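Okay, so here's the structure we're looking at.
Because the structure is predicted, anything quoted here is derived from the model rather than measured.
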Amino acid sequence: MKRKHVVIIGGGFGGLMTAKSLKDADVDITIVDRTNHHVFQPLLYQVATAALSPGDIAVPIRAIFTNEKNVTVIMDEAIAIDKENKTIQLRTGSLKFDILVAAPGSRHSYFGNDEWQKFAPGLKTLDDALRIREKIIHSLEIAERISDLNASKKYLTFVIVGGGPTGVELAGAIAEIAKQTMIKDFRNISARDTKVYLVEALPRVLTSFTEDLSIQAKEDLEALGVEVLLNTRVSSIDNDGVSLGDRKIETANVIWAAGNVVSPLIKSLRVETDRSGRAIVNDDLSIDGYPDIFVIGDAAAVKDKNEEYLPAIAPVAMQQGAFVGKLINNHQYDNERPAFKYFDKGTMATIGKAKAVAMIRGLKLSGLFAWLMWGVIHIFYLIGFRNRFRVMAEWIWYYLTRRQGIRLIVGKEI
């Protein structure tokens, strides 16, 4: 009997977990990804703020599966799926499949204002992180050589749009750069000249956390010097800064962390979607009418026991990948299948040095202990001993010295 060909689109958390769950299965696996590496997205903001190097949080996908002879990796972009003919249209050709696991992830959404992307990059890839890192450092360099304080203010002002975990973590990290760590290396600018704003349209930051932890996070940010603007919507972004209704903040540094939109690949499946474009899938994560096509991770709209959609976070994607891998491994292609159930292990967000908030199975934590737990868990999930060791060493160094890691500008254009 011919071995089934399983194609996995996306080398993120969901895609990799699916492939790992199938490493001993009697199937041939092809992983398709636009890049040649898996990136640990929860720590992307630390690359963007010069705390870690790109190689600390990324690893080549091929290296992960060196010893798995049934796994092939293709660096290409999937642009359409023909579900009737079981064919994937790639940027450079096509690929047939027997079973498909679509985990293409998501990108930042500007809610119909795509022209803002030029001025306010989001944070989803290593390329995004490096662009933001160099823009931050480059702005400080420009401010250093401008003698007129009024003229240099736009380069010393940082605006993060979006008060979710990414926005909060970025705001805290940038505040530490601008007011405590990197600023010490400059002679003509000082911490009091820098401004960091976090803009959130809702009444509080970290809305997925309880209200008391949300308040604690806001207070921690303010203690770092971040001005948190709640109930505030962005009306426009241009080369001069951000407009918040009648108020204009002049800045050369805007970072977008306000929303995500699913990969356009999902549209080619022609299935029902939610408001974010995520495919509404069956209880077993397959699409309606096609039991051999699964959608997982950020691209899937799955409800929990409370009939609320699961968040687009790494633990959800990993558990979904393991679930689908088990279904395929047990040859449950057409038989009655169990429903996917998410086991919520908790949610965490870090705000700065020794500051974090966490919700773990009903237990609410903040401060140093939450920050230590956040660090241990993130190191545990990093792929590769070398990466874990390097990240731990960088964090210990930063904790003791308050010195950032890589602070180089290597791009030709900012």
Side-chain angles (χ1 to χ4, degrees), residues 13 40-46 48-49 51 123 158-177 179-180 196-233 255-260 276 298 303-319 342-381 395 398-399:
F13 290 106
F40 192 78
Q41 284 192 338
L43 293 181
L44 265 178
Y45 84 95
Q46 295 218 346
T49 54
L123 185 59
F158 304 86
V159 178
I160 299 91
V161 182
T166 299
V168 166
E169 290 169 347
L170 275 168
I174 291 174
E176 288 185 335
I177 286 175
K179 296 183 178 296
Q180 298 177 10
V196 181
Y197 297 91
L198 178 63
V199 180
E200 171 54 53
L202 298 176
R204 59 188 179 94
V205 299
L206 298 179
T207 54
S208 60
F209 289 73
T210 58
E211 187 172 357
D212 55 340
L213 288 179
S214 176
I215 292 171
Q216 180 65 57
K218 179 176 178 291
E219 291 176 351
D220 287 342
L221 285 170
E222 290 171 340
L224 288 170
V226 178
E227 185 173 341
V228 181
L229 305 177
L230 301 176
N231 298 303
T232 304
R233 292 185 179 275
I255 303 174
W256 188 264
N260 296 312
S276 300
D298 293 2
K303 290 186 176 180
D304 61 16
K305 60 184 178 181
N306 298 319
E307 290 299 302
E308 295 182 359
Y309 285 116
L310 293 173
I313 56 177
V316 172
M318 294 173 72
Q319 290 185 36
Y342 175 58
F343 178 68
D344 188 356
K345 297 179 180 179
T347 307
M348 296 181 169
T350 183
I351 298 142
K353 179 180 176 182
K355 294 182 176 67
V357 291
M359 292 192 311
I360 303 172
R361 308 299 303 279
L363 183 65
K364 294 184 288 186
L365 303 168
S366 63
L368 176 62
F369 187 63
W371 181 74
L372 290 172
M373 286 191 64
W374 174 89
V376 169
I377 289 172
H378 282 71
I379 287 175
F380 177 80
Y381 280 110
W395 283 347
Y398 173 63
Y399 186 83

Under the ring-ring contact (aromatic ring centres under 6.0 Å, His included) rule, collect the residues that match up with F13, sequence neighbours excluded. H38, F40

What's the separation between atom CG in D344 and atom CD1 in I360, rounded to the nearest 0.5 Å? 10.0 Å

Nearest heavy atoms of V199 and V159, plus distance in Å: CG2-CG1, 3.9 Å

Using modelled atom types only, decide if a donor and an acceptor are shared between the side chain of S214 and the backbone of D212 within a distance under 3.5 Å. no

If every non-hydrogen atom of V196 is compared with every non-hydrogen atom of A171, which pair is closest and at what distance? CG1-O, 4.0 Å

Are there over 12 heavy-atom neighbours, none belonging to F343, within less than 6.0 Å of that residue's CZ? yes

Is the shortest side-chain heavy-atom distance between E176 and L224 below 4.5 Å? yes

Roughly how far, to the nearest 0.5 Å, is the OG1 atom of T49 from the CZ atom of F158? 11.5 Å

Spacing of L202 atom CG and T232 atom OG1 [to the nearest 0.5 Å]: 10.5 Å

What distance do L44 atom CG and E169 atom CD have between them, rounded to the nearest 0.5 Å? 10.5 Å

For M359 against L213, the heavy-atom pair lying closest together: CG-CD1, 3.3 Å

Nearest-0.5 Å distance, CG of residue L365 to CE of residue M348: 7.0 Å

Would you check if the side chain of Q216 reaches a backbone N or O of S366 as a donor-acceptor pair within less than 3.5 Å? no

For residues V168 and L206, determine if any side-chain heavy atom of one lies less than 4.5 Å from a side-chain heavy atom of the other. yes

Salt-bridged, K218 to E222, with N to O below 4.0 Å? yes

Quick one: are L221 and K355 in side-chain contact, heavy atoms under 4.5 Å? no

If you look at every heavy atom in R204 and E200, which pair is closest and at what distance? O-CG, 3.6 Å

Taking all atoms of both residues into account, what is the closest heavy-atom pair of T347 and F209, and its distance? CG2-CZ, 3.3 Å

Pairs under 3.5 angstrom only: tabulate donor-acceptor contacts from the side chains of residues 369-379 to other protein residues two or more places apart or in another chain.
{"residue": "W371", "atom": "NE1", "partner": "G352", "partner atom": "O", "Å": "3.4"}
{"residue": "W374", "atom": "NE1", "partner": "H378", "partner atom": "NE2", "Å": "3.3"}
{"residue": "H378", "atom": "ND1", "partner": "W374", "partner atom": "O", "Å": "2.7"}

Between N306 and E308 (side chain of the first, backbone of the second, donor and acceptor by atom type, cut-off under 3.5 Å), is there such a pair? no

Is there side-chain contact between I160 and V226, with heavy atoms separated by less than 4.5 Å? no

Can you check whether T350 reaches Y45 side chain to side chain, under 4.5 Å on heavy atoms? yes

Smallest heavy-atom separation, T166 atom then A257 atom, equals CG2-CB, 4.1 Å

